[in-house]
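Excluded from the calculations below are hydrogen atoms, water molecules and symmetry mates; all remaining heavy atoms, backbone and side chain alike, are included.
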Amino acid sequence: MSMLTPPGMGGRYRITGKRFPHMRRPRNRRRIVLAAVSSSAALALAGWGTFQLVDVFTGGPSETQAHGAGARGGKGAKDGDCKAAADEEAESKPLPRPSDITVNIYNATPRGGLAKITADELRSRGFRIGKVGNAPALYDKKVERVGLLIGAPTAAEGALRVIGTQMAGAEIKNDQRDTDEDVDLVIGNEFKELTARKDADRALTDMGVEPGEGPAPSGSPSSAPPSRAASPAPRPSKC
């Protein structure tokens, strides 16, 4: 072995001329992979921390607000908003007074005189009385319950609520009339008398309506036939 051969070469390499064997340590692949993963994790952590700091200093939306914003876009939230808007509209519009409501009174029972008696009593309670007579063929002898209160869809939260305090247990229906201050009261087979006046006045007061005062019962039934015989239409949705 030559004196110029490095120790440990065992004669495997020979040095000739100006060329020398290239000596370096073998690469450690595991160490390289670990270093790359650590660098990526550090960068991700730094980015997340920066995002949080930006949110804090710029007043970004919180998680609760984000969920709330997403919920408002859903169908359930839309229906709730629609209902809330309808309730708010109904509350903002004051209920009509008895003197603002014209009531047409029709008798659908075999008993005579009920329409006139009922009209006189409602007149004494401050309601305006329109037509008084027998019920049209659509309802004559066909109303088994206490009675029907019929009005425009827009009267459901107005005139029909007010007149409903005078006839407990009456069924409410809608038709396509143009005004919401003109309602029909159809007397049914189970009718005995109107709600006691003190109870009706208390119900009106609880609704924020001042009970009406009218003249003493008088007048005679009108023979004019009912002007509307259209079948009741369901109350349309506001949303």
Side-chain angles (χ1 to χ4, degrees), residues 79 82-83 85-87 89-91 93-123 125-196 199-200 203-204 206-209 212 221-239:
D79 294 342
C82 182
K83 184 177 184 303
D87 292 343
E89 180 183 354
E91 292 177 1
K93 184 178 180 181
L95 292 171
R97 298 170 299 178
S99 59
D100 297 329
I101 303 172
T102 298
V103 186
N104 304 311
I105 303 170
Y106 303 121
N107 183 9
T109 75
R111 295 171 288 168
L114 288 182
K116 179 184 181 303
I117 295 173
T118 303
D120 288 345
E121 180 61 28
L122 287 177
R123 184 182 290 110
R125 299 184 185 190
F127 290 89
R128 295 202 306 256
I129 303 301
K131 297 180 175 63
V132 179
N134 294 325
L138 179 64
Y139 300 114
D140 191 27
K141 313 296 189 300
K142 299 175 183 177
V143 181
E144 298 298 331
R145 300 181 62 180
V146 173
L148 291 176
L149 300 176
I150 308 171
T154 52
E157 296 299 328
L160 288 176
R161 282 188 62 192
V162 175
I163 191 64
T165 62
Q166 313 299 311
M167 180 181 272
E171 182 181 355
I172 294 179
K173 289 192 175 183
N174 301 129
D175 60 13
Q176 299 303 317
R177 67 189 66 196
D178 297 330
T179 176
D180 59 358
E181 296 179 353
D182 181 353
V183 298
D184 296 344
L185 186 155
V186 183
I187 300 172
N189 290 330
E190 295 183 4
F191 176 81
K192 295 180 179 179
E193 60 182 359
L194 293 173
T195 303
D199 295 331
L204 289 174
D206 292 342
M207 293 163 53
V209 178
S222 170
S223 59
S227 60
R228 280 174 291 273
S231 60
R235 179 184 177 187
S237 172
K238 294 183 180 180
C239 302

Is there a side-chain contact between Leu122 and Ile163 (heavy atoms, below 4.5 Å)? yes
Answer whether the closest heavy-atom distance between the side chains of Ile101 and Val183 falls below 4.5 Å. yes
Do Leu148 and Asp184 have side-chain heavy atoms sitting under 4.5 Å apart? no
Side-chain contact test, heavy atoms from C-beta onward, threshold under 4.5 Å: evaluate it for Asp140 versus Asn134 and give yes or no. no
Kindly compute the distance separating CD (Glu121) from CD1 (Ile129), expressed to the nearest 0.5 Å. 10.0 Å
Is the shortest side-chain heavy-atom distance between Val209 and Pro98 below 4.5 Å? yes
Are Val143 and Phe191 side-chain neighbours, meaning at least one heavy-atom pair lies under 4.5 Å? no
Here the gap from Ile150 atom CD1 to Leu138 atom CG, rounded to the nearest 0.5 Å, amounts to 7.5 Å
Donor-acceptor contact present, side-chain Asp180 to main-chain Ala152, <3.5 Å: no
Working to the nearest 0.5 Å, report the span between NZ of Lys192 and CG of Leu114. 13.0 Å
So, do Thr102 and Thr179 sit near enough that their side-chain heavy atoms are less than 4.5 Å apart? no
Lys142 side chain vs Ala108 backbone, donor-acceptor pair below 3.5 Å: no
Please identify each residue that fulfils side chain to side chain donor-acceptor pair (under 3.5 Å) with Glu144, with sequence neighbours left out. Asn189
Which heavy atom in Val186 sits nearest to a heavy atom in Ala135, and how many Å separate them? CG1-CB, 4.2 Å
Distance (rounded to the nearest 0.5 Å) between Arg177 CZ and Asp182 CG: 5.5 Å
About how many Å separate CD of Glu190 and OG1 of Thr109, when rounded to the nearest 0.5 Å? 12.0 Å
So, taking the atom named CD in Glu193 and the one named CD1 in Ile117, what distance separates them when rounded to the nearest 0.5 Å? 11.0 Å
Validation row: Leu160, Asn174 side chains within 4.5 angstrom (heavy atoms): yes
Locate the shortest heavy-atom distance separating Val132 from Ala119; write the atom from each residue and the value. CG2-CB, 3.8 Å
Of all the heavy-atom pairs spanning Ala115 and Ile105, show the shortest one and how long it is. O-CG2, 3.8 Å
Main-chain N/O of Val162 paired to Thr165 side chain as donor or acceptor, under 3.5 Å: yes
Apply side-chain contact (heavy atoms from CB on, under 4.5 Å) to Ala200 and list each qualifying residue two or more places apart in sequence or on a separate chain. Arg125, Gln166, Thr195
If you look at every heavy atom in Leu95 and Glu157, which pair is closest and at what distance? CD2-O, 3.1 Å
Of all residues at least two apart in sequence or in a different chain, which pass the side-chain contact (heavy atoms from CB on, under 4.5 Å) check with Ser99? Arg97
Between Arg145 and Glu171, is there a donor-acceptor pair closer than 3.5 Å when you use the side chain of the first and the backbone of the second? no
